[in-house]
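First comes the structure, then the notes that go with it.
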Amino acid sequence: MSANVKKLINQGKNIKVFVCPDYETLSCEAAGVIAGVMLSNDFPVLGLATGSSPVGTYRELIRLYEDGILDFSRTTTFNLDEYYPLSPENDQSYHYFMDHNLFHFVNISKPAVHVPDGNAPDMKKASLEYEAMLSERVMHLQLLGIGGNGHIGFNEPAESFAKATHVVDLTQSTIEANARFFASIDDVPKQAISMGVGSIMRAKKILLVANGKAKAQAVKAALEGEITPKVPASALQMHPDVTFVIDEEACALDESLWTAF
Ligand code: F6R
């Protein structure tokens, strides 16, 4: 743990927050939490996320693997989500992202890697099959990013929390936020397949990473606001073991509710 990381806990809600001075520190801290879970389980099962937030975390995990500290040969992974329709070979797919940001650089076995199929002929069936695979395992840790609108996975603000893997219509704000990864906004798929909030909440431990001021409001609402499906990440307040690793810009906490630990 770096000395300049502020560790806070919201006593009422039992959520831990590590506030890091910069993205590099955040990435090292998050990778350290994942490494701890990998080292304390013989056959670790990890839920993984894509997007810009965890890129540094994956870079750090690769470094720990290259240094001989981590071994991925017994690790199984399940990714949160995938665009629909998009083939795994498409360089904007989350399949492709995971290959190029983590899987190609560590000794994970291909059959142990699971990413929802964004190209399945029957998406409802694909969602049910993915959820069935998830329910056969206990995820030791689920890594999350958070959308500016409070989404986790592709669970967008809604009237109720989605229990299981499902097909989602992406909101305009998510399409606009993700357009930066595509040639034009028209190329951003309008749908996705995503684990539900219920699937995420079954993980034993949840680790959320967020950086930059565009995330500050969503982080605050998730940690301190009302628990509501209008802010999907607020469901995490009901989980017994959640850690947020965020940078100072993403931190807009009401300090009076938090104590150092
Ligand atoms: C990605 C995912 C999304 C992202 C979120 C934040 O698998 O599930 O919920 O975590 O959109 O994305 P970034 O990190 O790009 O800001």
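Only this structure's heavy atoms are used, side chains among them; waters, hydrogens and symmetry mates stay out. As the structure lists them, so they are numbered: ligands from 1, and atoms in each ligand from 1.
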Could you go through K6 and E255, starting from their C-alpha distance and side-chain angles, then the distance that decides it, and tell me whether this counts as salt bridge (charged side-chain N to carboxylate O under 4.0 Å, His left out)?
CA-CA 12 Å; K6 198 154 117 193; E255 293 270 357; 3.3 Å; yes
Decide side-chain contact (heavy atoms from CB on, under 4.5 Å) for E29 and K7; before the verdict, give the C-alpha distance in whole Å, the side-chain angles of both, and the deciding distance to 0.1 Å.
CA-CA 11 Å; E29 292 297 326; K7 292 170 82 182; over 6 Å; no
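Contact of the V197 side chain with the K163 side chain is not registered, since no non-hydrogen atoms from C-beta on lie closer than 4.5 Å.
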Only distances under 3.5 Å count here; give the side-chain donor-acceptor pairs of residues 96-111 to other protein atoms, sequence neighbours excluded, each with its distance to 0.1 Å.
residue : atom : partner : partner atom : Å
N101    : ND2  : F97     : O            : 2.9
N107    : OD1  : F72     : N            : 2.8
N107    : ND2  : D71     : OD1          : 2.7

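A donor-acceptor contact closer than 3.5 angstrom links the side chains of T171 and E156. Remark: the E131 side chain and the S199 side chain contain an N/O donor-acceptor pair separated by less than 3.5 Å.
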Go ahead and list the nitrogen or oxygen contacts between ligand 1 and the protein that come in under 3.5 Å, distances to 0.1 Å, or just say none.
residue  : atom   : partner : partner atom : Å
ligand 1 : 7 (O)  : T50     : N            : 2.9
ligand 1 : 7 (O)  : T50     : OG1          : 2.8
ligand 1 : 7 (O)  : D81     : OD1          : 2.7
ligand 1 : 7 (O)  : D81     : OD2          : 3.4
ligand 1 : 8 (O)  : D81     : OD2          : 2.6
ligand 1 : 8 (O)  : G153    : O            : 3.4
ligand 1 : 9 (O)  : H151    : NE2          : 3.4
ligand 1 : 9 (O)  : G153    : N            : 3.4
ligand 1 : 9 (O)  : G153    : O            : 2.7
ligand 1 : 11 (O) : H151    : NE2          : 2.7
ligand 1 : 14 (O) : S52     : N            : 3.2
ligand 1 : 14 (O) : S53     : N            : 2.8
ligand 1 : 14 (O) : S53     : OG           : 2.5
ligand 1 : 15 (O) : S52     : N            : 2.8
ligand 1 : 15 (O) : S52     : OG           : 3.0
ligand 1 : 15 (O) : R180    : NH2          : 2.9
ligand 1 : 16 (O) : K215    : NZ           : 2.6

